Student: 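My questions will all concern the structure given below.
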Protein chains: 2
Amino acid sequence: MKPNELILLIEDDDAIGKLLSISLHEYGYKTRLAKDITSAKREFITQNPALLILDLGLPDGDGKTLIQTIRKESKIPIIVLSARNDEKEIIASLDCGADDYVTKPFSTKELLARIRSTLRRTQQKTVHDTLTCKDITIDFIKKEVLLDNVLLRLTPTEYNLLAFLMQNANKVLPHQHILKTVWGLGYQHQMQYLRTYINALRKKIEKNSTRPEYITTESSIGYRFSCLSHKEEEQ
Amino acid sequence: MKPNELILLIEDDDAIGKLLSISLHEYGYKTRLAKDITSAKREFITQNPALLILDLGLPDGDGKTLIQTIRKESKIPIIVLSARNDEKEIIASLDCGADDYVTKPFSTKELLARIRSTLRRTQQKTVHDTLTCKDITIDFIKKEVLLDNVLLRLTPTEYNLLAFLMQNANKVLPHQHILKTVWGLGYQHQMQYLRTYINALRKKIEKNSTRPEYITTESSIGYRFSCLSHKEEEQ
DNA sequence: ATAATACATCAAAAAAATATCAAAATTATT
DNA sequence: AATAATTTTGATATTTTTTTGATGTATTAT
């Protein structure tokens, strides 16, 4: 697995800039290089990097002011890389909003580990797992169902049943199969449970409960959740 | 403003332990000290600390295994504090899940700055210092809650619970998730605590406690803080 | 068409989950 | 050390959900 994130290097020393670019590419990161604060700001806005590596001593100003500027509008991880091995500088940078401070000369491998650590923390994305079918959307994380964008009140069993049906849309699901997965192993022959809950669900999701468009009956076999075009969305 | 967070120190050297405790107290943190992995685990589960400071060399095992154990169930910030100034140790620790690595001898002020930096990042759930929902406004800096512009008297646990609910407005929060974050890892199954405190909060914030408009129950799942005019921040 | 079978519907009883209250235990404050 | 505040615990009331049973309607086979 290659990381593939874009890292913006802000460094005026060509030798270090080159070394970093090569090391980061080797590990799979994409990089952009900015040699002063002005171009760093431009790159930050236009390139949308995942992380900044910032040298404090830049030709057109102090790196700390850049940190402050960026922190006003972004929580992007910033690692300071500086020759200034001075306690006050370290503290000031961290309190400005930097996420880490590495002093030169530095170990490339350690820097890479610190990049991984910093990115790991900030990239904890919320996985949104939803399924939509016509007017019904089920959110498996929030455990909620929307009908025409209105929240449906379902009991736990109703929710479990609908979730199972929607996950197997357009398939005929035999009674016993539904009972086994929704209620559990001992309930395969409790047909009446299934009828009661199918009825309850239809009342809640069908426009016309007597002419169901979602949950159709496959007599003496089971039920089918009909959905012509259901797309899966996960980000 | 005093920080007031609890920091768990895991350190077998008494001198360093004492020094750290004093420095951290001076700055306003509460601390607990654990001298081995076994008691560290116990303290972690029962005390619900905001951050761990961990020495790698402990009498009953290597600190890295503790990091791995904790990372299986928690994203709590961990700062490693070690005499081992060895590139491999640093990389291994960070890749295990540590958030920072400081080598001994260390500057207390720098360590404090790194604690602030780490906490800032992990506590940054709310971008704003205050959050308003209908007639309720919570101020995370002052740790105050206003209902119709009148200051509410809340106990610490009531405040923590409400803060967590409001930070996650309109989402269904499972019982265990609430218990884990508000009370700590060892309290996931103390449902009665949750019921008692939800009840206490409703009495204080709901106009009609029997028909709650803010804190609604999601039977057999959890609770939801409902707030119509609250922007969803998820992509 | 008629009987037999399968399914739908409704409502009640039973069980489970939640709400509420208050006392006991703990912790913090004076 | 005494007092006050908060948390924990337990007992009981209330609500919600599941289970059960009774009855009506549709479908299928003869």
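Labels below follow one simple rule: chain letters A, B, ... track the order of the sequence lines, proteins then strands, and each chain is numbered from 1. As the structure is a prediction and not an experimental result, all values here were calculated from the model.
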Student: Once you round it to whole Å, what is the distance between C1' of C:dA6 and CD of A:Q176?
Tutor: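 Result: 15 Å.
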Student: OP1 or OP2 of D:dT15 versus the side-chain N and O atoms of B:T217: is any pair under 4.0 Å?
Tutor: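 Answer is no, no contact under 4.0 Å.
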Student: Knowing that exactly one of B:L131, B:V145, B:T132 qualifies, which makes a side-chain contact (heavy atoms from CB on, under 4.5 Å) with B:T137?
Tutor: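 So the option named by the test is B:T132.
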Student: I'd like to know if A:E213 and A:K134 make a salt bridge, using a cut-off of under 4.0 Å between side-chain N and carboxylate O.
Tutor: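 Yes, this pair counts.
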Student: Got a salt bridge between B:K64 and B:E89, using NZ or NE/NH1/NH2 to carboxylate O under 4.0 Å?
Tutor: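 Answer for the salt bridge query: yes.
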Student: Which nucleotide in the list C:dA8, C:dA6, D:dT6 gets nearest to the side chain of A:S220?
Tutor: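 Within the option list, the nearest is C:dA6.
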Student: Quick one: on DNA chain C, does B:M191 or B:T196 contact a more 5' nucleotide (nearest heavy atom)?
Tutor: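 In this pair, the answer is B:M191.
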Student: Using a heavy-atom cut-off of under 4.0 Å over every strand shown, decide if B:Y159 touches base, sugar-phosphate, or nothing.
Tutor: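 The residue B:Y159 makes no contact with any strand.
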Student: Do the charged groups of B:K207 and B:D135 touch, with an N to O distance under 4.0 Å?
Tutor: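 Salt bridge between B:K207 and B:D135, a charged N being under 4.0 Å from a carboxylate O: yes.
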Student: Can you tell me if A:S219 touches the phosphate of D:dT27, counting only side-chain N or O atoms and a distance under 4.0 Å to OP1 or OP2?
Tutor: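 Answer no for this pair, as no side-chain N or O of A:S219 is under 4.0 Å from OP1 or OP2.
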Student: Please tell me if B:K203 has a side-chain N or O lying less than 4.0 Å from either OP1 or OP2 of C:dA19.
Tutor: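 False: B:K203 side-chain N/O out of range (4.0 Å or more) of C:dA19 OP1/OP2.
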Student: B:Y197 has an atom OH; how far is it from atom C1' of D:dA5, in whole Å?
Tutor: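 Answer to the nearest Å: 10 Å.
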Student: Name the residue closer to the 5' end of DNA chain D, choosing between B:T157 and A:T155 according to the nucleotide with the nearest heavy atom.
Tutor: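 The 5'-side residue here is B:T157.
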Student: Please determine if a side-chain N or O atom of B:H175 lies less than 4.0 Å away from the OP1 or OP2 oxygen of C:dA17.
Tutor: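 It does not, given that no N or O in the side chain of B:H175 lies less than 4.0 Å from OP1 or OP2 of C:dA17.
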Student: Please report the distance, rounded to the nearest Å, between CG in A:N160 and P in D:dT18.
Tutor: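 Spelled out: CG on A:N160 to P on D:dT18 is 9 Å.
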Student: Measure CG/B:L201 against P/C:dA19 and give the value in whole Å, please.
Tutor: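 It is 12 Å, rounded to the nearest whole Å.
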Student: Between A:Y187 and B:E158, which residue's closest nucleotide on DNA chain D lies nearer the 5′ terminus?
Tutor: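 Upstream on the strand: B:E158.
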Student: Does B:W183 have a side-chain nitrogen or oxygen under 4.0 Å from the phosphate oxygens OP1 or OP2 of D:dT8?
Tutor: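 Answer is yes, contact under 4.0 Å.
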Student: May I have the distance from A:L161 (atom CG) to D:dT18 (atom P), rounded to whole angstrom?
Tutor: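 It works out to 11 Å between those atoms.
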Student: Is the phosphate of C:dA8 approached by A:N199 (side-chain N or O, under 4.0 Å from OP1 or OP2)?
Tutor: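 Answer no for this pair, as no side-chain N or O of A:N199 is under 4.0 Å from OP1 or OP2.
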Student: Can you identify which nucleotide, out of D:dT9, D:dT7, D:dT17, has its nearest atom closest to the B:Y193 side chain?
Tutor: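 Of all the options, the side chain of B:Y193 is nearest to D:dT9.
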Student: Which part of the nucleic acid, if any, lies within contact of A:Q192, taking any heavy atom under 4.0 Å across all strands shown: a base, the sugar-phosphate backbone alone, or nothing?
Tutor: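 Answer is base: heavy atoms of A:Q192 come under 4.0 Å of a base.
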Student: Using atom CD1 of A:I215 as one end and atom P of C:dT9 as the other, report the distance to the nearest whole Å.
Tutor: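 So the two atoms are 11 Å apart, to the nearest Å.
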Student: Taking it one step at a time, do A:R71 and A:Q68 satisfy side-chain hydrogen bond (donor to acceptor under 3.5 Å, both in side chains)?
Tutor: CA-CA 5 Å; A:R71 272 289 169 270; A:Q68 289 170 320; over 6 Å; no
Student: OP1, OP2 of C:dA19 versus side-chain N and O of B:Y223: anything below 4.0 Å?
Tutor: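 Yes, within the criterion.
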Student: Judged by atom type as modelled, is there a donor-acceptor pair below 3.5 Å linking the side chain of A:N199 to the main-chain atoms of A:R195?
Tutor: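 Flag not set: sc A:N199 to bb A:R195 has no pair under 3.5 Å.
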Student: Rounded to the nearest Å, what distance is computed from the CD atom of residue A:Q190 to the C1' atom of nucleotide C:dC7?
Tutor: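 Rounded to whole Å, this separation is 16 Å.
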Student: Grab the CZ-P distance between B:R202 and D:dT15 for me, whole Å please.
Tutor: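 So the two atoms are 13 Å apart, to the nearest Å.
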Student: Quick one: is C:dT18 close enough that its OP1 or OP2 comes under 4.0 Å of any side-chain N or O from B:R195?
Tutor: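 Answer yes for this pair, as a side-chain N or O of B:R195 is under 4.0 Å from OP1 or OP2.
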